[in-house]
Amino acid sequence: MSGGIFRWTAPLFARTDRRWDEDSVDVFAQTLAPYLPEQGRLLDLGGGTGALAGHLARTVPCAVTVVDASPNMLRYADGLPGVEAIVGDAAALPFPDDNFDAALICDAFHHFRRRDEAVREMARVVRPGGGVVIAELDAEALSIRFIALAERLLGEPAGFVTPAGMEGLMAAAGVRGRSRPQNRVSYIFAGEVGSGRPPDPGDQGDELP
Ligand SMILES: C[S@@+](CC[C@H](N)C(=O)[O-])C[C@H]1O[C@@H](n2cnc3c(N)ncnc32)[C@H](O)[C@@H]1O
């Protein structure tokens with residue numbers, strides 16, 4: 001599952017809750033809002049300490065489930081009001097199809113080792129017509145190339161993609177949407193799960209004798 005850095009950086013992340021001011025939480029809440037009915041269900045994938053999930057649980061009208069591969073990160077999410085914390089791998093989500101109204105991935109996608117599977121899983125557990133919102137760092141920005149190098153030295157996959165690359169990855173899993181710049185080095189992809197998801201490549205159907 002996740003590399004080791006979150007074992008020892010978890011207390012540091014727990015102290016960065018302050019980075020979530022009202023405006024930045026609002027950007028996510030507003031982007032997700034069209035997909036979230038009253039008493040809906042939002043998945044925060046790679047949600048770490050649950051800081052953003054905790055803010056969103058107070059802002060959007062639904063329950064927030066944080067899934068993260070690192071128990072050390074997740075223990076800070078445990079017990080946050082309106083937040084359910086589950087240890088799990090983005091590439092093998094422990095939920096039935098169409099379980100959520102929307103999924104959010106913030107600053108976590110590039111840490112996933114099996115990104116194609118994670119995208120397919122996310123599209124599987126969000127209902128058709130549900131929303132997908134991903135905040136990521138742009139692989140082409142110079143400073144992000146240095147961050148990628150540093151993360152690789154620490155054993156992380158550093159799977160950064162460009163805004164257009166993210167649109168392509170999502171489209172391949174049946175999620176149509178657009179990336180828009182957030183600032184000079186980061187972007188937000190916002191899309192919708194289509195009704196005809198592509199078949200799972202692992203499912204070969206009936207074998208001929
Ligand atoms: C940089 S932190 C971001 C946490 C949170 N989303 C935030 O914005 O504060 C990346 C998170 O991705 C999680 N992660 C990495 N690989 C994962 C995987 N395969 N499945 C689920 N979570 C994973 C890590 O454990 C870590 O908590």
Side-chain angles (χ1 to χ4, degrees), residues 1-29 31-32 42-57 59-60 64-78 80 83-95 99-100 102-126 132-139 143-144 146-148 150-161 166 169 173 182-183 185-189:
M1 280 210 266
S2 167
I5 63 165
F6 296 103
R7 244 175 278 152
W8 53 271
T9 54
L12 302 176
F13 271 97
R15 274 188 235 135
T16 61
D17 182 26
R18 265 165 278 145
R19 86 182 146 116
W20 299 115
D21 59 26
E22 211 173 293
D23 287 349
S24 47
V25 174
D26 218 43
V27 169
F28 290 112
T31 311
L32 289 161
L42 170 64
L43 170 67
D44 182 357
L45 197 48
T49 59
L52 177 57
H55 288 295
L56 284 171
T59 315
V60 297
V64 187
T65 301
V66 176
V67 170
D68 199 280
S70 164
N72 286 24
M73 292 288 276
L74 212 52
R75 78 188 155 95
Y76 295 95
D78 225 1
L80 289 176
V83 175
E84 179 188 30
I86 296 178
V87 178
D89 185 348
L93 291 172
F95 306 108
N99 197 57
F100 294 97
L104 165 70
I105 307 178
C106 178
D107 191 26
F109 188 79
H110 63 273
H111 290 288
F112 299 163
R113 287 181 195 280
R114 292 156 61 201
R115 283 177 293 283
D116 289 346
E117 285 102 318
V119 171
R120 274 200 298 277
E121 277 292 86
M122 191 192 54
R124 178 184 68 76
V125 301
V126 175
V132 168
V133 174
I134 302 178
E136 253 305 334
L137 298 167
D138 184 348
S143 57
I144 303 310
F146 283 109
I147 289 176
E151 285 196 5
R152 282 194 195 107
L153 289 172
L154 291 167
E156 283 296 299
F160 297 98
V161 292
M166 185 64 82
L169 272 176
Q182 197 179 19
N183 56 43
V185 297
S186 68
Y187 62 92
I188 292 184
F189 170 88

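Predicted, not measured: the structure shown is a model, and the values here were computed from it. Numbers here are sequence positions counted from 1. Counting convention: from 1, in listed order, for ligands and their atoms alike. These values consider heavy atoms only, across backbone and side chains, with no hydrogens, waters or symmetry-generated copies.
Residue Ile134 holds its CD1 atom at 8.5 Å from CG of Leu45, rounded to the nearest 0.5 Å. Considering OG of Ser70 and CZ of Phe13, their distance stands at 10.0 Å, rounded to 0.5 Å. Residue Glu121 holds its CD atom at 10.5 Å from CG of Leu43, rounded to the nearest 0.5 Å.
Below 3.5 Å of separation, one finds an N or O of Cys106 facing an N or O of ligand 1.
A donor-acceptor distance shorter than 3.5 angstrom exists from the side chain of Thr31 to the backbone of Val27, with no hydrogens or angles considered. Judged by distance alone, with hydrogens and angles left aside, the side-chain atoms of Arg114 form no donor-acceptor pair with the main-chain N or O of Asp89 at under 3.5 Å. A donor-acceptor pair under 3.5 Å is formed between the side chain of Glu136 and the backbone N or O of Phe109. In this structure, the side chain of Thr9 engages the main chain of Ile5 through a donor-acceptor pair within 3.5 Å.
Against a heavy-atom cut-off of under 4.0 Å, Asp89 is close to the following atoms of ligand 1: 18 (C), 19 (N), 20 (N). For ligand 1 and Ala90, the ligand atoms under 4.0 Å from any heavy atom of the residue are 18 (C), 19 (N), 20 (N), 21 (C). Contact atoms of ligand 1 toward Phe6: 1 (C), 2 (S), 10 (C), 24 (C), 25 (O), 26 (C) (distance under 4.0 Å to a heavy atom of the residue). Residue-ligand proximity, Ser70 to ligand 1, at heavy-atom distances under 4.0 Å covers atoms 25 (O). Numbered from 1 in the order shown, with element, the atoms of ligand 1 that lie under 4.0 Å from a heavy atom of Phe13 read 1 (C). Of all the atoms in ligand 1, the ones that sit under 4.0 Å from a non-hydrogen atom of Gly88 are 20 (N), 21 (C).
Ring-centre distance between His55 and Phe28: not below the 6.0 Å cut-off.
For atom 15 (C) of ligand 1, the candidate residues are His110, Arg115, Arg7, His111; the nearest heavy-atom contact is made by His111. For atom 5 (C) of ligand 1, the choice among Gly46, Ala108, Ala69, Ala118 with the nearest heavy atom turns out to be Gly46. The closest heavy-atom contact to atom 27 (O) of ligand 1, among the options Ile105, Asn72, Asp68, comes from Asp68.
Shown here for Asp44 and Ala53, the closest heavy-atom pair between the two residues is OD2-CB, 3.8 Å.
Residue-ligand proximity: Leu52 is placed with every non-hydrogen atom at 4.0 Å or more from ligand 1. Put simply, no part of Ala51 is less than 4.0 Å from ligand 1, judged by heavy atoms. Ligand 1 lies nowhere less than 4.0 angstrom from a heavy atom belonging to Ala10.
Only side-chain heavy atoms of Met73 come within less than 4.0 Å of ligand 1; its backbone N, CA, C and O stay farther off.
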